[in-house]
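Inspection log for the structure reproduced underneath, given as C-alpha cells.
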Protein chains: 2
Amino acid sequence: MAVRRQPTLRDVAAAAGVAVSTASRALTRPGRVNAGTADRVVAVAKELGYIPSASARALLSGRTATVALVLPDVTNPFFFGLVRGTGARLRESGYVQVLADTEESAEVELDTLRKLRGQVDGAVLAASRLTDDQIAVAAEDLALVVVNRTIPGTPGVLLDTAGGMVQALEHLVEQGHTRVAYAAGPTTSWSDRRRREALEPAAARLGVELVVLGPYAPVRTSGADAADAALDAGVTAIVAFNDLLAFGILERLDARGVAVPEGLSVVGCDDIFGSDLVRPALTTIESPVERAGRMAADLLLTRLDGERPAGGDDEDDDGLVVDLPVPGAPVLLPTRLIVRGSTGSAQV
Amino acid sequence: MAVRRQPTLRDVAAAAGVAVSTASRALTRPGRVNAGTADRVVAVAKELGYIPSASARALLSGRTATVALVLPDVTNPFFFGLVRGTGARLRESGYVQVLADTEESAEVELDTLRKLRGQVDGAVLAASRLTDDQIAVAAEDLALVVVNRTIPGTPGVLLDTAGGMVQALEHLVEQGHTRVAYAAGPTTSWSDRRRREALEPAAARLGVELVVLGPYAPVRTSGADAADAALDAGVTAIVAFNDLLAFGILERLDARGVAVPEGLSVVGCDDIFGSDLVRPALTTIESPVERAGRMAADLLLTRLDGERPAGGDDEDDDGLVVDLPVPGAPVLLPTRLIVRGSTGSAQV
DNA sequence: GTGAAAGCGCTAACAC
DNA sequence: GTGTTAGCGCTTTCAC
C-alpha cells in the first residue's frame, strides 16, 4: 500500500515540452491546439498515468461533480431503491455519489447538510426529518431535490402511496370489508399524514369504517402491537404504514394462530424485498422507488448543468447571487396495488 | 434553490479585523493565538456561517477526508451490511462515504479505481472482480482494504463462510444425510472457490457424498435450475451459494410440491433480510457483514491516519515515496450456522 | 502574537 | 497556436 506521487499537469507539460496552459488545453479542448502537439501531450499524459486533480478543479470551478444522497436510515430496505436509482443516474453523468445517513435525527441532518455545502454540488434529500422552513433555508445554500416532500420552490419527486392506499381500500371494500384499520407510521412522517388525509375521505365515500391505530415505529417489531390492536378493534382488514410493519403483523398473527386472510386481511406498503417471500405473500403497494431516485437525480443534474454553464463566477458583492426559474409542481409518481395472498373476502 | 456565495476565510478575517493567517490559526489551532482574538474570530466565523472549503484543504494537504466503498452490485442485499458498517465507522471519524458500483465488470472497476485516485483517501474493495495482480497494482496508487479476498501486502477482512458451510455439512450429517449437494456460485467468485475447497475434504472426513451443482448466478431466478438439479441428483439436502439462490430453490420446491425439509433440506448462506421470513424459515449461515465493513473501514482509517500524520509532504523527486509496514494476515471473521425450519432429518 | 507572502494543481484571461 | 500570469481558498513558513 505504498503511495506514489501523482504526476501533475506540470510534469506532463514538461515531459511534452510545452507550457502548462497548452497541456491543459490539449487535454480539455483539443480543438484549440495544434493537432500534433495535442496528440503528443495526450500520449505523454497517458504514459505518465496523469489524472487531473479533482480538488484543484473543484477549487477553481466551484464544482465537485459530486452529489449526496441524504437519508434518515440506510438500514431501511425502502431506501435501497433510492440508492440504486440516484446512483445509476449520477454515474451516467460522471458524477460521484456520496451517501449520508442522518440516523433519523433532524439535528444530524441539519449538520450533514451544512458540512455537505461546498463538498458536493447538490443533494437529494429523502424522507427528511426537517421542517419545511429548515429545508427551504438549506436550499438557499445547496442545490436540493426532495423526495416525498413538498417544499415550495424546491423541486421534488413524490411517490403517490396515498393513492395506492386508496386503491387498497377500494379493493378491500370489493371483498366485502366494512371495517378496516390503518396502522399509522410515525407522527413526524409527512407521508403518513398524506395517507391519512387521503384515506379518510375515501373511507367516507366508500361507506367503510376506518379505524386509525398507532402511531407505530415503521419496523417489524412494532407489528405485534399493531396486530393486537387490530384484533381488539374488531376489524376484518388492516392496512399497514409499510411492509416492515406488515411483516411484523403477519408474524404476530401467525403466533396467535389467526389465519390470514381468513381471520384478518393484511395490506403492506412499498413492496420491499421479501414481500413475495412471506407466507401468505403480502398484498402491498408497489412504489417505483428506483425510478423516483433516478428522477430526483435527473432533476438535480438538470438544475446543476443549467446553473453554471461553464464555471461562471460573479463578483457582485451584495452576497445574493443566482435565482433560477423554479419548476412548478413536484413530479408525482403513481403507485399500484399488488394483490397477493394476504387479502381475501371478509368473513361475515 | 438560489445559491448564496459562501463566505471565505478572507471574509472572516476582514470582518474580525485580522489577517487571514491569524484567522486560520484561530480556527484550527486556537492555542497559538491570543485568546481574545481567537474568540472574536470564532464568533465572526459562526455569525457569517463560515465553512472551510474542502477543496482548498484537499488541494493543500492532499487529503480529502473521503473514502470509497467499491462493490460489484449495490442491488445485492448482501452488500447492504457493508454499506452500513463502513459508513458508520467512517462517519465516526468525520469521513465522507462515497459509493461506487462497478456493475460486476472488471473493466468498470479498474476505471473506477483510477478515477477515485486523488478524489478519495482510500477505498474498501468488496468482492472485487479483479485479479490479484490488478488489485496489487491499484494498491500502489490508492490505500486499499479488501473484503473477502487475500492480496499479499494489502490489508483485508475475510468472512469465513467456508467454515460456516462445513458447520452446515456437519449439521446435515448429524441429521442423517449421506448425500448432499452444493449449488455453486459464479466461477469468478473467490468465495465460491474457497467454499468448495473447504467442503470437499470435510465431506470426505465426514463420510458424506458431496455433489457439486452449477455454477449458478447468485440470484433468486437461478434457484429453479438448482432445485431441479438437486432433485435429479437424488440428494436429500442442498447447500446453496447464498440466500438468494436458496430462496429461489424454496420457491421451486414449493411449486413442484416437494415438502421442505421432508423432501429436501435446504441451507442458505449470509442470513440476509428475509431469511427468517420465508416459510419454512431458512437454515443459513450468519455472516457478520456489518462488522466486516466496520473492520475494513477501521483498518483503512488506521492506515490513513498513520500515513501522513499532519499533511506531511516529501520533496523527494525520485517518484517513489512512502512504504509502510504491512499487517500480516487478513482479519478472519467467524460465521455461525443458524438452524431453522428448512433443514431436518434425512428421510430414509 | 500577528501579518505578509508563497504555493498546492489547475484553468482562463491576456499577451505574443 | 502557444506561453505567461493571475488566482480559486487555504495553510504554513518566515519576518516582524
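Residue numbers begin at 1 in each chain, while the letters A, B, ... track the order of the sequences.
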Might you list the N or O atoms of the protein lying below 3.5 Å from N or O atoms in nucleotides 4-6 of chain D, with each pair's distance?
{"from": "dT4(D)", "atom 1": "O4", "to": "S21(A)", "atom 2": "OG", "distance (Å)": "3.0"}

- Message: Once salt bridge (charged side-chain N to carboxylate O under 4.0 Å, His left out) is applied, what residue pairs with a partner in residues 80-91 of chain B remain, sequence neighbours excluded?
- Response: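 Counting only pairs at least two positions apart or across chains, the salt bridge (charged side-chain N to carboxylate O under 4.0 Å, His left out) contacts touching residues 80-91 of chain B are E103(A)-R91(B), R84(B)-E290(B), R89(B)-E92(B), R89(B)-D298(B).
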- Item | Pairs flagged by salt bridge (charged side-chain N to carboxylate O under 4.0 Å, His left out) wherever residues 8-29 of chain B is involved - sequence neighbours left out |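 Applying salt bridge (charged side-chain N to carboxylate O under 4.0 Å, His left out) to every pair that reaches into residues 8-29 of chain B, excluding sequence neighbours, yields R5(B)-D11(B).
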Check side-chain contact (heavy atoms from CB on, under 4.5 Å) between [X] and all other residues, then give those that pass, not counting sequence neighbours.
X: A58(A); answer: T64(A), S55(B)
X: E104(A); answer: P72(A), D73(A), R129(A)
X: D111(B); answer: R114(B), K115(B)
X: N34(A); answer: T37(A)

- Task: Sort and list the pairs that fulfil ring pair (Phe, Tyr, Trp, His ring centres under 6.0 Å) and have at least one residue in residues 80-101 of chain B, not counting sequence neighbours.
- Result: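 As it turns out, the ring pair (Phe, Tyr, Trp, His ring centres under 6.0 Å) pairs with a partner in residues 80-101 of chain B, which skip direct neighbours, are F80(A)-F80(B).
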- Query: L59(A) side chain: which of dC10(D), dT11(C), dG9(C) is closest?
  - Reply: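 Closest nucleotide to the L59(A) side chain: dG9(C).
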- Task: State which of dT11(C), dT11(D), dC8(D) makes the closest approach to the side chain of L60(B).
- Result: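 The listed nucleotide nearest to L60(B)'s side chain is dT11(D).
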- Message: Can a side-chain donor-acceptor contact be found between T66(B) and Q119(B) if the only test is distance below 3.5 angstrom?
- Response: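 Side-chain D/A pair, Q119(B) to T66(B): absent.
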- Query: Does anything in residues 29-49 of chain A reach DNA chain C, meaning a heavy atom under 4.0 Å, and if so which residues?
  - Reply: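 Residues of residues 29-49 of chain A that come under 4.0 Å of DNA chain C are, in numerical order, R29(A).
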- Task: For D121(B), check salt bridge (charged side-chain N to carboxylate O under 4.0 Å, His left out) against everything at least two apart and list the hits.
- Result: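 Checked D121(B) against salt bridge (charged side-chain N to carboxylate O under 4.0 Å, His left out); matches are R63(B).
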- Query: Hey, does S53(A) reach any base, or is it just sugar-phosphate, or nothing, if we go heavy atoms under 4.0 Å?
  - Reply: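 Sugar-phosphate contact only.
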- Looking at every strand, decide which applies to T28(B) at a 4.0 Å heavy-atom threshold: base, sugar-phosphate, or nothing.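 If one applies the 4.0 Å heavy-atom cut-off, T28(B) turns out to touch the sugar-phosphate alone, with no base involved.
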- Task: For T131(B), enumerate each residue passing the side-chain hydrogen bond (donor to acceptor under 3.5 Å, both in side chains) test, keeping only those at least two apart in sequence or located in another chain.
- Result: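 If we apply the side-chain hydrogen bond (donor to acceptor under 3.5 Å, both in side chains) test to T131(B), skipping adjacent residues, the hits are Q134(B).
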- Spacing between R57(B) atom CZ and dG7(C) atom C1', to the nearest angstrom: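 Answer to the nearest Å: 17 Å.
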- How far does the helix from dG1(C)-dC16(D) to dC16(C)-dG1(D) bend, going by the axes of its first and last five pairs, to the nearest 10°?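 Here the local axes at opposite ends form an angle of 50°.
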